[in-house]
Amino acid sequence: MFNSKFGSIPKFYVRAPGRVNIIGEHIDYCGYSVLPMAVEQDMLIAVEPVKTHTLQLANTNPLYPDFSTSADNIQIDKTKPLWHNYFLCGFKGIQEHFGLSNLTGMNCLVDGNIPPSSGLSSSSALVCCAGLVTLTVLGLKLSKVELAEICAKSERYIGTEGGGMDQSISFLAEEGTAKLIEFSPLRATDVKLPSRAVFVIANSCVEMNKAATSHFNIRVMECRLAAKLLAKHKGLPWEAALRLEEVQARLGVSLEEMLLITEDALHPEPYSPEEVCRCLGISLWELRTQILSPNTQDVRVFKLYQRAKHVYSEAARVLQFKKICEEAPDNMVQLLGELMNQSHVSCRDMYECSCPELDQLVDICRKFGAHGSRLTGAGWGGCTVSIVPVDKLPSFLANVHEAYYQRSNRSLAPEKQSLFATKPGGGALVFLEA
């Protein structure tokens, strides 16, 4: 197909995997550790550097039209999360990191088997893949950590205020192990998963593109406002507080204590912009121009108590999950499952990032033998992840398939790779044609 598109053959290939977040949802951008693993599904780009200064992008999927642009004039339209913009994010991230101009062009054919908008991070895998492609074409070197940090930053060109988990696991993943990803500074620690269980991904078949919706960015802003109000309540310099983790670090207290402080400082009733201003002693104009992002300036209701409660409790669950994996008690599969179930309840009720189909799918997975099941990824659609004892896997897959997919028209979408067991895969890499 490369030959028919470009009349030549590729010089090298780059792959970057998708990921499933086992536990730790919506807390990376608050500064807290998460626990993902790379999946075997990935993005693959075939690349030919060319002498012109033109980027020519094609996709094996006919739904995604070809695109070309000058390598020296990268424009990324935040209002339209089109597929090629994710490639441009990775390209521009490398270009700006090195302060380069007059860049060489390239022909790229993109292929991928990560279901789009499914919460398995297809968009971030494409950003990472493009970053590694650009680095390789330019003959430059960076560490995996540096690449992950650049790609996390550059995805913001498309308007997604993510925290860096997706890009980090895409580069730092290793086969056979999940990773505890910590931030500031970015680092990854192996987490050995139980051998007696497998993690099963089930796609709700409800698509949610996180750059196309304001839900995601509103949650980021609610967490930022909660951090500021908590800091003000405790007499800290609130102007500098951006993340909930920073408030905990400044106070030097445990996550459990932060949950108690949240109860004391914030009320469960939603906050209006005017009330936020009164609490912080600022004007509405200052709130809009100095704190709110452009896509959250018209939001009328902020649920600060609920978001902070989710973040602090979820951050604690991540650490408990890692501890159980390290100690490996006899009932570890059951204990890990309970943490995953608690996580889903918090995502559904406190963070409000679930949807009826995800809740139904989680219930079905638990009914047919999962010790724990939860939404994974941003939510509002996408996938669930379930922990299932190895001996129950065949019956689990058959029963969930029948109960969720066959009883509706969802079985008409086999290309979504709706239901599969997965094991931890390796990270992004470059390979040359043999």
Exercise. Looking at Glu326 and Lys192, does any basic side-chain N land under 4.0 Å from a carboxylate oxygen?
Worked result: no
Exercise. Do Asp359 and His344 have side chains that get closer than 4.5 Å, going by heavy atoms?
Worked result: yes
Problem set entry | CD/Glu96: more than 12 non-hydrogen atoms of other groups inside 6.0 Å | yes
Exercise. How many angstroms lie between atom CD of Gln334 and atom CD1 of Ile324, to the nearest 0.5 angstrom?
Worked result: 10.5 Å
Exercise. In Å, rounded to the nearest 0.5 Å, how long is the span from CD1 of Ile158 to CZ of Arg156?
Worked result: 14.0 Å
Exercise. Around Asn102, counting heavy atoms of other residues, nucleotides and ligands shown, do more than 12 lie under 6.0 Å from its CG?
Worked result: yes
Problem set entry | Residue pair Thr134 / Gln95, side-chain donor-acceptor N/O under 3.5 Å | no
Problem set entry | Gap separating the CG atom of Leu126 from the CG atom of Leu44, nearest 0.5 angstrom | 11.5 Å
Problem set entry | Close side-chain approach of Lys392 to Pro389, heavy-atom, < 4.5 Å | yes
Problem set entry | Gln75-Asn73 side chain donor-acceptor pair, cut-off 3.5 Å | yes
Problem set entry | Polar side-chain atom of Thr136 near backbone of Leu132 as donor-acceptor pair, under 3.5 Å | yes
For this session: Indicate yes or no: at least one non-hydrogen side-chain atom of Val133 is less than 4.5 angstrom from one of Phe91.
Result: no
For this session: May I ask you to decide whether Lys423 forms a salt bridge with Glu40, counting only side-chain N to carboxylate O separations under 4.0 Å?
Result: yes
For this session: Would you check if Ser343 and Ser346 make a side-chain contact, meaning some heavy-atom pair closer than 4.5 Å?
Result: no
Exercise. Do Ser123 and Tyr86 come within less than 4.5 Å of each other through their side chains, counting heavy atoms only?
Worked result: yes
Problem set entry | Separation of Ile23 CD1 from Phe321 CZ (nearest 0.5 Å) | 6.0 Å
Seminar exercise, completed: side chain to side chain contact (heavy atoms under 4.5 Å, CB included) with Val400: of Val388, Thr384, Leu361, only one passes, and it is Leu361
Exercise. Thinking salt bridges, do Glu352 and Lys303 make one under a 4.0 Å N-O criterion?
Worked result: yes
For this session: With side-chain contact (heavy atoms from CB on, under 4.5 Å) as the test, would you mind laying out the steps for Leu432 and Tyr13 before giving the verdict?
Result: CA-CA 6 Å; Leu432 305 171; Tyr13 300 83; over 6 Å; no
For this session: Check step by step if side-chain contact (heavy atoms from CB on, under 4.5 Å) holds for Phe302 and Arg224.
Result: CA-CA 11 Å; Phe302 298 106; Arg224 186 169 297 174; over 6 Å; no
Problem set entry | Distance-only side-chain donor-acceptor flag, His53 / Ser70, under 3.5 Å | no
Exercise. Between Ser33 and Glu182, which heavy-atom pair has the shortest distance, and what is it?
Worked result: OG-CG, 3.2 Å
Problem set entry | Heavy-atom closest pair, residues Pro115 and Asn203 | CB-ND2, 3.9 Å
Seminar exercise, completed: For Asp190, the salt bridge (Lys or Arg N to Asp or Glu O under 4.0 Å) test, sequence neighbours excluded, returns Lys179
Problem set entry | Closest non-hydrogen atom pair between Val318 and Gly24, with its separation | CG2-CA, 3.4 Å
Exercise. How about Ile22 and Phe199: do any of their side-chain heavy atoms sit closer than 4.5 Å?
Worked result: yes
Exercise. Hey, does Leu429 have a side-chain heavy atom less than 4.5 Å from the side chain of Val14?
Worked result: no
For this session: Kindly indicate, with the supporting measurements, whether the criterion side-chain contact (heavy atoms from CB on, under 4.5 Å) is fulfilled by Leu393 and Val200.
Result: CA-CA 9 Å; Leu393 181 63; Val200 179; 3.6 Å; yes
For this session: Without swapping roles, check the side chain of Glu146 against the backbone of Ser143 for a donor-acceptor pair under 3.5 Å.
Result: yes
For this session: Anything under 30° is parallel, anything over 60° is perpendicular, the rest tilted; go ahead and classify His84 against Phe67.
Result: parallel
Problem set entry | Side-chain ion pair, Lys323 and Glu327, N-O less than 4.0 Å | yes
Exercise. Is there a donor-acceptor contact under 3.5 Å from the side chain of Arg19 to the main chain of Ser122?
Worked result: no
Exercise. Going by atom types only, do Glu257 and Ser254 share a side-chain donor-acceptor pair under 3.5 Å?
Worked result: yes
Seminar exercise, completed: Closest non-hydrogen atoms of Arg307 and Cys223, given as atom of the first, atom of the second and distance, are CB-SG, 4.2 Å
Exercise. From Lys228 NZ over to Glu246 CD, what is the distance, rounded to the nearest 0.5 angstrom?
Worked result: 8.5 Å
Exercise. So, do Ser154 and Val127 sit near enough that their side-chain heavy atoms are less than 4.5 Å apart?
Worked result: yes
Problem set entry | Ser8 versus Glu48, side-chain donor and acceptor atoms under 3.5 Å | yes
Problem set entry | Side-chain H-bond candidate by donor/acceptor type, Tyr305 with Glu263, under 3.5 Å | yes
For this session: Apply ring pair (Phe, Tyr, Trp, His ring centres under 6.0 Å) to Phe216 and Tyr29, showing your working.
Result: CA-CA 11 Å; Phe216 185 89; Tyr29 54 78; 5.5 Å; yes
Problem set entry | Salt bridge present between Arg196 and Asp391 (N-O < 4.0 angstrom) | no
Exercise. Strictly by modelled atom types, are Thr177 and Glu174 linked by a side-chain donor-acceptor pair under 3.5 Å?
Worked result: no
For this session: Cation-pi check, Lys92 to Tyr157: give yes when NZ or CZ is under 6.0 Å from the six-membered ring centre and within 45° of the ring axis, no otherwise.
Result: yes
Seminar exercise, completed: Here the salt bridge (charged side-chain N to carboxylate O under 4.0 Å, His left out) pairs for residues 21-36, sequence neighbours left out, are Glu25-Arg374
Exercise. Taking atom types as modelled and ignoring hydrogens, do the side chains of Thr296 and Asn217 form a donor-acceptor contact shorter than 3.5 angstrom?
Worked result: no
For this session: Begin with the C-alpha distance, continue with both residues' side-chain angles, and end with the deciding distance and a verdict on side-chain contact (heavy atoms from CB on, under 4.5 Å) for Trp380 and Leu358.
Result: CA-CA 8 Å; Trp380 299 288; Leu358 280 171; over 6 Å; no
Exercise. So how far is it from Leu397 CG to Leu419 CG, rounded to the nearest 0.5 Å?
Worked result: 5.0 Å
Exercise. Which pair of heavy atoms, one from Lys5 and one from Asp66, lies closest together, and at what distance?
Worked result: NZ-OD2, 2.9 Å
Exercise. Aromatic ring centroids of Phe368 and Tyr404 under 6.0 Å?
Worked result: no
